[in-house]
**Q** 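Below: one structure in structure tokens.
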Amino acid sequence: MEAILYNLTWNKITNMTVVTRFAPSPTGFLHIGGARTALFNYLFARHHGGKYLLRIEDTDRARSTQEAVDAILDGLAWLDLSGDEPPVFQHAGMERHAAVARELVTRGRAYLCYCSPEELEAMRAEARAQGRTALYDGRWRDRDPGEAPAGVAPVVRLKTPLEGETVIDDLVQGRVTVQNSQIDDFILLRADGTPTYMHAVVVDDCDMGITHVIRGDDHLNNAFRQAQLFKAMDRPVPAFAHIPLIHGQDGAKLSKRHGALGVEAYQEMGYLAEALCNYLLRLGWGHGDDEIIPRAQAIEWFDLDGVGRAPSRFDMAKLDNLNGHYLRETPDADIADLVMARLETRPGLVLDGAARERVRKGLPGVKARAKTLVDLADGAAFYAAARPLAMNDKAAALLTPEARGLMQSLAENLQTVTEWTEEALDAAVRGLAEKSQVKLGAVAQPLRAALTGSNASPGIFEVMAILGREEALARIKDIC
RNA sequence: GACCCCUUCGUCUAGUGGCCUAGGACAACGGCCUCUCACGCCGUAAACACGGGUUCGAGUCCCGUAGGGGUCGCCA
């Protein structure tokens, strides 16, 4: 509570509009954790009427790829989490980053360090052996630059305070204090003159006017270092909010098997962006007993005080459930195109005008049975299947000699049905069951197999009505 | 190892000292509906990590223990 008040006060005093940013490094796809971080940044900015920006952290030229940039931007676009302005590419600001570092050196807030990688490694090894955190010991901090070895390009390190403590009133984690002795003189500029992440982030956050840094709590330790840099630059430290990481079903780090997939993989698996966002929102954040929270509602309700501090596990079953819900809520016309696109890639279908029309008409009935767009395509495919239909094992088992006999009779009875409607077909099929002294299921199930090639489908009268007289009768005769 | 963080049903969570014989959701199980499978509806089982305090009273505050996570790069 104290931390929250503190930061709100800070915000009021400076009378700043909220500006957040999502800053992924383009070394891979946009994974679930990143998507949630983006969501929280977006929601927080919208809730407070502020701005939400994007920044691509590509200072590591060797590991950054254009494919990754595209994957991330595409993923964000799919989730409707594109930034309010075109993304900032950190790489473009390198000159500026270097200039700031140089100025820090002239002002005595940073210095040149000539340590070799081997020297640093030895330092770390010794620290560990002595049971200390592996930190740079500041051996070049006050050393005479005249002692610089010849031919060695120096790095620039920040001169951080040796004593006292650094306090961060994190909007999620609360007040966190670290002794300054635990913060070493970290590198601002590499030997080749390029900025490190730690430095570029702070300079860019200043330049972009970021007021709230919302990111994964794997950055919590960085925040103390970055706070020192902000101070060295005489700039206000933004408010921090470190959100807990997402774990896999087994409680360990997200692995390839569950969440560590790119969001585009979820799109392919047939999840709706709205459902994924709703799921991600509820992972680590809650609003009373509410579960179904569409975007507009989320913007109204979201705030950082609702974010929990414990890591949460990724649960596919809940995502499935939520996706099923959103599937049912989405207007049929909107998902018809998505389903059709998926059907077009399937073999064994005849997607002519009549078939497409049947699929469209059948969609509402299939929806209740689907969790994903893949399920939907699976469930609706029979409406466009080429004759004779392929049967699954259970459907084939349903077509006993007796059942085929019943189908024969049914085909004859159906000739007399004048109005090809659900009601009339219902009456006709029930009539046959009664006359043959069997339960409705004894007729309905083989009929289902004949019409859909499956043992499970939407209501069989609905199926028959949508298929139409000609197609339905043809499919029945195919199995007689 | 050092530093930092975390710990309510299997999972996501509600809970901010009395409203908690701990609520909701997903999953599980049982039932209703029913031409199948679903959807929907009804119901059952299921948790405050452990130990000490503080307090008239603790899931809620404090300390410790255990377990989990994160960080310790001229990566981000």
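Lettering of chains follows the sequences in order, A, B, ..., and the numbering in each one begins at 1.
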**Q** Just call it for A:N455: base, sugar-phosphate, or nothing, with non-hydrogen atoms closer than 4.0 Å on any strand.
**A**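 The answer is base, as A:N455 lies within the cut-off (heavy atoms under 4.0 Å) of a base atom.
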**Q** Side-chain N or O of A:S312 less than 4.0 angstrom from OP1 or OP2 on B:U11?
**A**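 No.
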**Q** Using the rule given for ring-ring contact (aromatic ring centres under 6.0 Å, His included), can you reason through A:F40 versus A:F22, listing the C-alpha separation, both sets of side-chain angles and the distance that settles it, and then say yes or no?
**A** CA-CA 9 Å; A:F40 283 13; A:F22 173 56; over 10 Å; no
**Q** Rounding to an integer number of Å, can you tell me how far A:M316 CE sits from B:A27 P?
**A**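 Answer to the nearest Å: 15 Å.
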**Q** Establish, with yes or no, whether the OP1 or OP2 oxygen of B:G40 is under 4.0 angstrom from a side-chain nitrogen or oxygen of A:R328.
**A** yes
**Q** Under 4.0 Å from OP1 or OP2 of B:G73: is there any side-chain N or O of A:R124 that close?
**A** yes
**Q** Classify the side chain of A:Q130 and the base of B:G1 as holding, or not holding, a donor-acceptor pair under 3.5 Å.
**A** no
**Q** Using a 4.0 Å heavy-atom cut-off, does A:T133 contact any base of the nucleic acid, only the sugar-phosphate backbone, or nothing at all?
**A**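 The answer is base, as A:T133 lies within the cut-off (heavy atoms under 4.0 Å) of a base atom.
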**Q** Check every strand shown and say whether A:V155 touches a base, only sugar-phosphate, or nothing at a heavy-atom separation below 4.0 Å.
**A** base
**Q** What's A:L245 touching, base or sugar-phosphate or nothing? Going by heavy atoms closer than 4.0 Å.
**A**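 Sugar-phosphate contact only - A:L245 comes under 4.0 Å of backbone atoms but never of a base.
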**Q** Between B:C26 atom C1' and A:L283 atom CG, what is the distance in whole Å?
**A**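 About 12 Å, once rounded to whole Å.
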**Q** Report yes or no: is there a donor-acceptor pair, N or O only, under 3.5 Å between the side chain of A:K318 and the base of B:A27?
**A**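 No pair found.
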